[in-house]
Amino acid sequence: MSMMNTGDILETIEMFTQDNLDVRTVTMGISLLDCIDPDPKKACEKIYNKITTKAADLVPAVEHISAEYGIPIINKRISVTPIAMLLGACPDADPVDFAKALDAAGKKVGVNFVGGYTALVHKGFSAGDRRLIESIPRALAETDIVCSSVNIGATKAGLNMDAIKLMGEAVKKASELTADRQCIGAAKLVVFCNAPEDNPFMAGAFHGPGEPDCEIHVGVSGPGAVRAALAKLPKDAPIDEVAELVKRTAFKITRVGQLVANLASKALGVPAGIIDLSLAPTPAVGDSVANILEEMGLETCGCCGTTACLALLNDAVKKGGVMASNHVGGLSGAFIPVSEDDGMIHAAECGCLTIEKLEAMTAVCSVGIDMVIIPGDTTPAVISALIADEAAIGMVNSKTTAVRVIPAIGRKAGEILDFGGLLGYGPIMPVNQRDPSVFIKPRRPPAGSHAVPEELKGTTLSVNASHCQLPRRGSPWHYSQASLQKSSIRIKCVKQAHSLVIISRKGACFLCCHSLPARSPAVRWRWGAPCFPLRCF
């Protein structure tokens, strides 16, 4: 027999009524893979029909849940299969027609946003990817509720510098085409590294190819509730006590999201997906991640210690969420969108919070440089370099990072750009304008050391030294013994006939996936063959 704790019930009611706790979004993910058609008009018609059929009852069902249980549910959204996957079958189609079909379908069912005007290009471009990327500025300018995202990097794939260059240009162009609407186009565009396939938050939501035909994701937000809980602690409370309180609060918030997910799943007849517990702030006073960090002991967000506080907060939030649900996913952690966070707006206005400090914070937070307004004369090359910096953090640390910056066309650092609503407003933050264009050119740097398979670490590379000449120092194939040791891979020279030998501990070569002879731990390549052993490290 379960017992209800009156204190917990009253605390939850207080979170809703006084601390701005809400379910930020209920997002329906819809697969469009069965809408692929070589005729673009038929494809767009299929997209419209499937979305308006699957999501016909989404808004009424969610509003009924909100009214019946007294839970504020702010947004109803849809995410779809990356549209670039559909464009590959229509080589002559105008990609913007697909964006307009999404826009019309979303308006028909009454949702706030539709995400999925997306391309996944972390390892290169497939048939429709480049065309979609080049069309993004026009698509965002000619639609109202469509959001776009592009994944340009991954830990195991490295960074697609060609795509990074294109995205710098796309961000700038999206702002220019919507300059008469507060540059809103760039606010609906995000560039990812290690993008999750089940993210319910915009502008980065898309329905990954590994997801089911249709499912419900819930994004919960409660920075105000966490801040209010911390405000009750003594200022000199031990740090482990602070972490424990954050975990308990995150647990309660996540349970609210799980309840909404179960109810929505039952009402709509589709499976429940993930619960994304992200402390997503709003411009409302007190509903701020920056204020949480200040409750933890900082004078102002952005001062020394900010990154450490944010790391502790993010860790505690994730631990509390995992204990509350078996299906925590998406981004889950603390968001730091400057224009959407009252405390960060003030920190940026007083000069305490800079882009450089934000970049450091993104190494430990939930996403990345988000809703940062930059001067309108910032060049595409500088924007691309900013994207590359942020993506490198994600690639090396095996985490999701993202960039959503808004060049304020015709305005300079120190001025204000006001979007209104949940997007808020913010000061235009100065950016280092030195030219990185020589670096931003088509190429793909190798993946970080985290991409080395665990099975290879501790193995030995044996290179023939008697029958062949090792590559000259400085050539693409030259790797010193020291550099290989940094990757936990040892190298030695042996006298063997024209072969390159990999010693494996598990009976298979993890460079070419060939099985090894039963009694031999080695597999051989003919020297000079175009295989990838040394070059990939």
### Task
May I ask you to decide if A261's main-chain N or O and S265's side chain share a donor-acceptor pair within less than 3.5 Å?
no

### Message
Less than 3.5 Å apart, any donor N or O on the side chain of S221 or R24 sitting next to an acceptor on the other?
### Response
yes

### Query
Can E169 and K173 be counted as an ion pair, charged N to O under 4.0 angstrom?
no

### Query
Hey, does K172 have a side-chain heavy atom less than 4.5 Å from the side chain of I409?
yes

### Minimum side-chain heavy-atom gap L259-I71 below 4.5 Å
yes

### Query
Do S288 and D341 have side-chain N/O donor and acceptor atoms under 3.5 Å apart?
yes

### Message
Checking the side chain of S339 only, and the main-chain atoms of L423 only, is there a donor and an acceptor separated by less than 3.5 Å?
### Response
yes

### Query
Tell me, do M161 and I440 make a side-chain contact under 4.5 Å, heavy atoms counted?
yes

### Query
Is there a donor-acceptor contact under 3.5 Å from the side chain of H327 to the main chain of I275?
no

### Contact summary for A334 and L313, nearest pair of heavy atoms
CB-CD2, 4.2 Å

### Task
Side-chain contact test, heavy atoms from C-beta onward, threshold under 4.5 Å: evaluate it for V405 versus L386 and give yes or no.
yes

### Interatomic distance, F192 atom CZ to R404 atom CZ [nearest 0.5 angstrom]
9.0 Å

### Task
Quick one: closest heavy-atom pair of M202 and F113, and the distance?
CG-CB, 3.8 Å

### Query
Is it true that a side-chain atom of N49 and a backbone atom of E45 form a donor plus acceptor pair closer than 3.5 Å?
yes

## Note on the structure
In this structure, CE of M395 is separated from CD1 of I152 (nearest 0.5 Å) by 9.5 Å

### Query
Can you find a side-chain donor-acceptor pair between T378 and Q433 that sits under 3.5 Å?
yes

#### Entry: Pairing of R138 and D94 as salt bridge, 4.0 angstrom limit
yes

### Query
Are K100 and D144 close enough, and set up right, to give a salt bridge (charged side-chain N to carboxylate O under 4.0 Å, His left out), and what steps lead you there?
CA-CA 9 Å; K100 291 178 178 179; D144 297 315; over 6 Å; no

### Message
Tell me whether R130 forms a cation-pi arrangement with F125, defined as NZ or CZ under 6.0 Å from the six-membered ring centre and within 45 degrees of its axis.
### Response
yes

### Query
Do E390 and E359 come within less than 4.5 Å of each other through their side chains, counting heavy atoms only?
yes

### Query
Measuring from I216:CD1 to N262:CG, what's the distance to the nearest 0.5 Å?
11.5 Å

### Message
Please determine whether the number of non-hydrogen atoms from other residues, nucleotides or ligands lying under 6.0 Å from atom NZ of K165 exceeds 12.
### Response
no

### Task
With side chain to side chain contact (heavy atoms under 4.5 Å, CB included) as the test, would you mind laying out the steps for L358 and L353 before giving the verdict?
CA-CA 7 Å; L358 280 168; L353 184 64; 4.0 Å; yes

### Query
Should I78 and L58 count as side-chain neighbours, where that means a heavy-atom distance under 4.5 Å?
yes

### Query
Going by atom types only, do N160 and H122 share a side-chain donor-acceptor pair under 3.5 Å?
no

### Query
With distance as the sole test, does T81 use its side chain to make a donor-acceptor pair with the main-chain N or O of L32 at under 3.5 Å?
yes

### From CA spacing to verdict: side chain to side chain contact (heavy atoms under 4.5 Å, CB included), I145, N112
CA-CA 7 Å; I145 61 173; N112 304 97; over 6 Å; no

### Query
Does K41 NZ have over 12 foreign heavy atoms under 6.0 Å away?
no

### Task
Could you tell me whether the side chain of K399 and the main chain of C365 form a donor-acceptor pair under 3.5 Å?
yes

### Task
Could you check V270 against E215 for side chain to side chain contact (heavy atoms under 4.5 Å, CB included), going step by step and ending with a plain yes or no?
CA-CA 5 Å; V270 298; E215 62 184 341; 5.8 Å; no

### Message
Is any side-chain heavy atom of M167 closer than 4.5 Å to one of L189?
### Response
yes

### Query
How long is the gap from CD1 on I373 to CD on Q182, to the nearest 0.5 Å?
9.0 Å

### Message
Whether the side chain of R131 engages the backbone of A93 through a donor-acceptor N/O pair (distance < 3.5 Å, no angle test) should be reported.
### Response
yes

### Query
Without hydrogens or angle criteria, can the side chains of T155 and N194 be said to hold a donor-acceptor pair below 3.5 Å?
yes

### Query
Do D129 and S126 have side-chain N/O donor and acceptor atoms under 3.5 Å apart?
yes

### Query
Under a 4.0 Å N-O cut-off, is there an ion pair linking D34 with K50?
yes

## Note on the structure
Heavy atoms of P200 and A205 approach each other most closely as C-CB, 4.1 Å

### Query
Looking only at heavy atoms, what is the nearest atom pair of D213 and H207, with distance?
O-NE2, 4.1 Å

### Task
Might you work through the side chain to side chain contact (heavy atoms under 4.5 Å, CB included) test for I355 and V431, ending with a clear yes or no?
CA-CA 7 Å; I355 284 185; V431 178; 3.4 Å; yes

### Task
Drop me the distance from Q258's CD to L277's CG, to the nearest 0.5 angstrom.
12.0 Å

### Query
Do I73 and V26 come within less than 4.5 Å of each other through their side chains, counting heavy atoms only?
yes

### Summary
In this structure, OG1 of T25 is separated from CG of D276 (nearest 0.5 Å) by 9.5 Å

### Message
Check this for me: E134, atom CD, are more than 12 non-hydrogen atoms of other residues, nucleotides or ligands nearer than 6.0 Å?
### Response
yes

### Nearest heavy atoms of A99 and T143, plus distance in Å
O-CG2, 3.8 Å

### Query
Distance-only, no hydrogens or angles: does the T178 side chain make a donor-acceptor pair with backbone N or O of R181 under 3.5 Å?
no

#### Entry: Sidechain-backbone polar pair: E63 side chain, P60 backbone, donor-acceptor under 3.5 Å
no

### Message
So which atom in P407 and which in V171 form the shortest heavy-atom distance, rounded to 0.1 Å?
### Response
CD-CG1, 3.8 Å

### Query
Do Y117 and S149 have side-chain N/O donor and acceptor atoms under 3.5 Å apart?
no

